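For clarity, every value in this text was computed on a predicted model and none was experimentally measured.
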Amino acid sequence: MCFRLWTDFYRGGRGAVVLVVSAIVLAGCQTPAPPPVQPPAPTPGPGQPVDPLPTTPTLPEPEPLPTGPGGLVLPHMEGRDLVRIGLLLPFSAKSSALREEARSMLSAAQLALFEAHDPRLVLLPKDTGGTETGAQSAAQAVINDGASVILGPVLGSAVLAAAMPARQAGIPVIAFSTDRSVAGDGIYLLSFLPEADTQHMIDYIKAQNMAAFETFTALRPDAELSAEDKSMRALALLRPDNGYGDRIEEALFTQTPGSGLFITDIARYSRNAESMSAPARQIAHVDERNAAIQEWENDGGFGDPGLDPSFVFALPYQAVFIPESGVKLRSLAPLLPFYDVDPKITRFIGTSLWYDDDLLREPALFGGWFPASNAKDKTAFTQNFERAFDEKPGRLASLAHDAVLIVPQSLIEGDNGLEIDREQIENPSGFRGADGLFRFGNNGLVERMLSIFEIRQGAFKEIKPAAEHFALPIELPADDGDTAAF
């Protein structure tokens with residue numbers, strides 16, 4: 001298969017490495033040129049001998065790649081204690097966007113291999129085709145080639161398929177899906193989970209409310225009511241009608257109790273621009289607003305009701321949660337100000353999907369908050385990637401990069417040489433990569449230290465930097481045998 005590749009980075013310079021690797025990949029994927037067409041042999045005249053037809057020369061059979069105790073070995077790697085890393089990506093998926101993402105992820109994995117400065121690491125990319133069958137076959141192939149760990153696949157169904165041979169072989173899988181149901185028992189998910197995004201935002205809002213209350217009461221002991229007016233107590237949810245929206249909604253209802261927040265409104269829309277207007281109108285309480293305006297006019301009001309203190313109408317929430325991205329978000333967000341939900345008064349809140357430069361051109365989102373990887377690590381990765389490959393990384397590229405960096409930090413000396421240790425993967429101190437600080441629980445789910453950003457005109461402002469370390473587990477005293485389990 002064209003993506004079966006061993007990448008042993010030359011330590012002398014990145015440029016040469018990238019060119020060599022690119023040449024290998026391209027050469028492996030090209031279709032061989034057909035043999036030249038032979039001109040027809042001239043017809044012999046009477047009594048002339050007939051020449052035999054020309055034959056195609058027989059090409060020698062390619063020599064098989066050498067094998068070692070742990071799997072396939074290239075000649076220049078003989079004698080090394082190698083760690084083979086299977087990388088399963090949908091290079092030939094039906095979706096062109098998924099194929100492009102896979103290509104960018106492979107580049108990011110190669111970049112991480114260079115940055116690791118560890119000549120023992122060998123990358124074995126395999127194509128899953130974006131299918132369950134392809135993922136299972138690709139997983140078995142890299143296992144046969146001696147892989148110690150599998151990185152990928154991307155899709156949840158493919159992860160589940162690849163997990164079967166990986167578990168049988170006792171090989172951990174660090175996958176890129178957001179499907180929580182496939183995690184655990186040696187399967188780790190490195191992706192950004194929507195539940196974590198909502199928790200970070202709820203924690204931040206709660207902290208802001210507490211800070212506002214403390215500020216007001218410190219200045220004026222009787223100012224509790226003013227502090228309450230400045231806080232966010234209620235949220236509305238304007239969400240896509242799909243699985244991602246379901247998980248965001250469930251997370252909000254699970255995480256808001258005890259936070260001082262509650263949900264007042266939920267509106268769902270299907271994934272096309274035409275379906276967004278009615279839910280946005282519902283969230284904006286347009287009918288109630290119009291009824292209040294009519295009543296105000298009947299009582300003698302005229303002009304702009306917003307300038308008349310006697311006009312009484314307020315939305316029942318102080319923030320709108322909008323878990324959307326890209327073009328759809330840029331179509332949805334302006335509908336809210338159109339229906340008089342003022343982003344200067346009502347805070348718009350998003351997920352890590354909002355870290356998208358295209359959103360910096362949407363005025364309706366200015367002032368919006370969202371969680372994402374810290375700016376320093378993300379910027380460094382993006383700049384390194386652009387220098388190496390002369391293009392911007394894909395949205396998932398950083399996941400492949402960080403997955404590779406986990407490998408050398410999780411190695412131990414086993415009975416049969418170097419191997420990946422699950423206890424090291426679950427190191428409570430975590431790892432630092434392109435997406436900042438992260439660690440895995442024994443349930444296979446990732447925990448991340450995220451920053452909070454505000455969208456400004458032309459820039460993302462990091463208003464709360466991510467924490468620099470995890471709180472380590474508390475060491476409890478040894479059980480004396482008399483303590484009841486709970």
Side-chain angles (χ1 to χ4, degrees), residues 6-9 68-73 77 79-88 109 112-126 138-153 159-160 162-177 180 182-191 399-449 469-475:
W6 289 262
T7 306
D8 183 38
F9 273 70
L72 296 172
V73 182
M77 294 182 176
R80 298 186 192 176
D81 193 0
L82 300 178
V83 179
R84 298 167 181 83
I85 306 170
L87 179 63
L88 311 188
L113 207 65
F114 174 82
E115 293 172 347
H117 298 292
D118 191 333
R120 302 169 300 175
L121 306 182
V122 184
L123 197 60
L124 308 178
K126 283 287 183 182
Q140 189 61 62
V142 295
I143 291 171
N144 294 343
D145 288 346
S148 301
V149 62
I150 292 176
L151 311 183
V159 174
L160 198 59
M164 297 172 60
R167 284 177 175 139
Q168 291 174 357
I171 294 175
V173 175
I174 302 174
F176 310 126
S177 168
R180 294 164 58 100
V182 302
D185 191 18
I187 310 301
Y188 301 91
L189 298 186
L190 188 55
S191 50
L399 300 182
H401 174 276
D402 289 357
V404 170
L405 292 184
I406 293 171
V407 175
Q409 299 178 63
S410 304
L411 292 174
I412 62 170
E413 190 69 41
D415 295 336
N416 299 315
L418 290 173
E419 59 185 45
I420 307 295
D421 181 47
R422 284 178 52 177
E423 288 188 5
Q424 297 301 316
I425 294 178
E426 298 169 15
N427 181 352
S429 297
F431 307 90
R432 181 177 290 279
D435 287 321
L437 194 63
F438 64 94
R439 66 180 177 184
F440 295 106
N442 56 17
N443 60 358
L445 299 179
V446 69
E447 178 186 355
R448 295 184 178 277
M449 287 298 188
H469 59 82
F470 287 105
L472 297 180
I474 300 174
E475 293 292 336

Rounded distance (nearest 0.5 Å) linking atom CD1 of Ile412 with atom CZ of Arg422: 12.5 Å

Validation row: Arg84, Val407 side chains within 4.5 angstrom (heavy atoms): no

Separation of Leu418 CG from Asp81 CG (nearest 0.5 Å): 4.0 Å

Approximate separation, where rounding is to 0.5 Å, of Met449 CE and His469 NE2: 7.5 Å

side-chain contact (heavy atoms from CB on, under 4.5 Å) partners for Leu445, two or more places apart: Arg180, Ala183, Leu189, Leu193, Asn443

Whether Gln424 side chain and Ile420 backbone form a donor-acceptor pair below 3.5 Å: no

Validation row: Ile143, Ile150 side chains within 4.5 angstrom (heavy atoms): yes

Residue of the set Leu399, Leu405, Val404 for which side-chain contact (heavy atoms from CB on, under 4.5 Å) holds with His401: Leu405

Under 3.5 Å, side-chain donor or acceptor atoms of residues 427-436 against the rest of the protein: list the pairs with distances, not counting sequence neighbours.
unit_1	atom_1	unit_2	atom_2	d
Asn427	OD1	Ser429	N	2.9
Arg432	NH1	Asp377	OD2	2.7
Arg432	NH2	Glu468	OE1	2.8
Asp435	OD1	Ser373	OG	3.1
Asp435	OD1	Ser398	OG	3.3
Asp435	OD2	Ser398	OG	2.7

From Leu437 atom CG to Arg448 atom CZ, the distance as rounded to the nearest 0.5 Å: 10.0 Å

Parallel, tilted or perpendicular: rings of Phe438 and Phe440 (30°, 60°): perpendicular

Approximate separation, where rounding is to 0.5 Å, of Ile406 CD1 and Leu151 CG: 8.0 Å

Interatomic distance, Ile425 atom CD1 to Ile174 atom CD1 [nearest 0.5 angstrom]: 4.5 Å

Donor-acceptor pair, side chain of Arg167 and main chain of Asp185, under 3.5 angstrom: yes

Summary of salt bridge (Lys or Arg N to Asp or Glu O under 4.0 Å) pairs that have at least one residue in residues 407-416, sequence neighbours excluded: none

Main-chain N/O of Asp421 paired to Ser410 side chain as donor or acceptor, under 3.5 Å: no

Residue pair Leu88 / Ala162: nearest heavy atoms and the distance that separates them: CD1-CB, 4.1 Å

